[in-house]
Amino acid sequence: MEEAHATKEGAERPRKEPREDVYLAHLWAYGRVAKGEKRKKGEPPPSPFRLLLGDGEASLPLPPRLYRLRVKAFLNQPVLAHFWPRTDEEGLLERPLLAHIFAQEAPPEAGRPTFLVRGRLLAADRDAARLVVEVRPNPQGRLKEPFRLTLLAPLALLEGLPPPGAGVELRGVYAPRTRRLVAQEARAVRLWDDPAEGEG
């Protein structure tokens, strides 16, 4: 496939590149830790803490603790949070799983939250401007069951994707106002469970 990419605001690459052939789904966000919103009548209890993004109008939920680390220790501090994202079938970001959190000021060039997804392409819908990727467990990895992510993408990127069933790596940004992951770069990749060259 032709590599379809156009580096956009906030789509900087993570500092440590993971192995090239593994499945993954990462979301990184700079922000400030705040207390959770008050519970509204008839709705489930909100997360006790949240990560305020940008101007503070949007946020991501945070759990009370991560392993033995209390998130309360970061209250009102700037942090870099690393999540494992999940979406519904329409592409709306569901409550992401917090993987790591660090006290860190956002660099001047930091834009919107960024993501890196590597998985098996299942479908690309040009009319709906979205695609579906399956992320599968890796050997010795923590993930036990595969899951699917639905992402938005421009037509030019969708037209440059490999055929369904191929491995694909996607980079882009999280749009807080629409709660969707928007792919901005894509390239074909070989994953660990692909047949060896010449097989099949």
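Values below: every heavy atom of this structure, side chains too, minus hydrogens, waters and symmetry copies.
A 6.0 Å sphere centred on CZ of Arg65 holds more than 12 heavy atoms belonging to other residues, nucleotides or ligands.
Atom OH of Tyr30 sits about 10.5 Å away from atom CZ of Phe102, to the nearest 0.5 Å. Note: Leu170 CG to Leu157 CG = 7.0 Å, rounded to the nearest 0.5 Å. From Gln184, atom CD reaches atom CG of Leu152 across 11.5 Å, with rounding to the nearest 0.5 Å. Distance CD/Glu185 to CG/Leu116: 10.0 Å, rounded to 0.5 Å.
Scanning both residues, Leu51 and Leu62, for their nearest heavy atoms gives N-CD1, 3.7 Å. The nearest pair of heavy atoms linking Leu53 to Ala29 is CD2-CB, 4.0 Å. The heavy-atom pair separating Ala183 from Pro154 by the smallest distance is O-CD, 3.4 Å. Annotation for Pro137 and Pro146: closest pair CD-N, 3.9 Å, computed over non-hydrogen atoms. For Ala186 against Leu161, the heavy-atom pair with the smallest separation is CB-CD2, 3.8 Å.
Partners of Asp193 by side chain to side chain donor-acceptor pair (under 3.5 Å), not counting sequence neighbours, listed by chain and number: Tyr23, Arg120, Arg136. In this view, Arg68 satisfies the salt bridge (charged side-chain N to carboxylate O under 4.0 Å, His left out) rule with no residue, not counting sequence neighbours. Not counting sequence neighbours, the partners of Leu52 by the side chain to side chain contact (heavy atoms under 4.5 Å, CB included) test are Ala34, Arg50, Ser59. In this structure Pro63 satisfies the side chain to side chain contact (heavy atoms under 4.5 Å, CB included) test together with Leu98, sequence neighbours excluded. Partners of Pro164 according to the side chain to side chain contact (heavy atoms under 4.5 Å, CB included) rule, which considers only residues two or more places apart in sequence or in another chain, do not exist here.
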Show every donor-acceptor pair shorter than 3.5 Å between a side-chain atom in residues 72-94 and any protein atom, with sequence neighbours excluded, or say none if there are none.
| from | atom 1 | to | atom 2 | distance (Å) |
| --- | --- | --- | --- | --- |
| Gln77 | NE2 | Ala73 | O | 2.9 |
| His82 | NE2 | His26 | ND1 | 2.8 |
| Thr87 | OG1 | Thr150 | N | 2.9 |
| Asp88 | OD1 | Glu90 | N | 2.9 |
| Asp88 | OD1 | Gly91 | N | 2.9 |
| Asp88 | OD1 | Leu92 | N | 2.9 |
| Glu90 | OE1 | Arg130 | NH1 | 3.1 |

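Leu155 is listed as a side-chain neighbour of Arg126, based on a closest heavy-atom distance under 4.5 Å. Put simply, the side chain of Val182 does not reach to within 4.5 Å of the side chain of Leu151, judged on heavy atoms. Looking only at side-chain heavy atoms (C-beta outward), Val133 and Val168 come within less than 4.5 Å of each other. At a threshold of 4.5 Å between non-hydrogen side-chain atoms, the residues Phe115 and Val173 do not count as touching. No side-chain heavy atom of Leu191 sits under 4.5 Å from any side-chain heavy atom of Val22. Side-chain contact between Val117 and Leu24 is absent, with no heavy atoms from C-beta onward closer than 4.5 Å. Counting heavy atoms from C-beta on, the side chains of Leu27 and Pro113 come closer than 4.5 Å. Side chains of Leu149 and Leu131 form no contact here, defined as non-hydrogen atoms less than 4.5 Å apart.
Under the 4.5 angstrom side-chain criterion for Ile, Leu, Val, Met, Phe, Trp and Tyr, the cluster partners of Val132 are Leu122.
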CA sep, side-chain torsions, deciding dist, call: Arg190, Glu20, salt bridge (Lys or Arg N to Asp or Glu O under 4.0 Å): CA-CA 8 Å; Arg190 287 189 57 80; Glu20 191 75 10; over 6 Å; no
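Annotation: side chain to side chain donor-acceptor pair (under 3.5 Å) contacts involving residues 138-148, sequence neighbours excluded, comprise Tyr67-Arg142, Asn138-Trp192.
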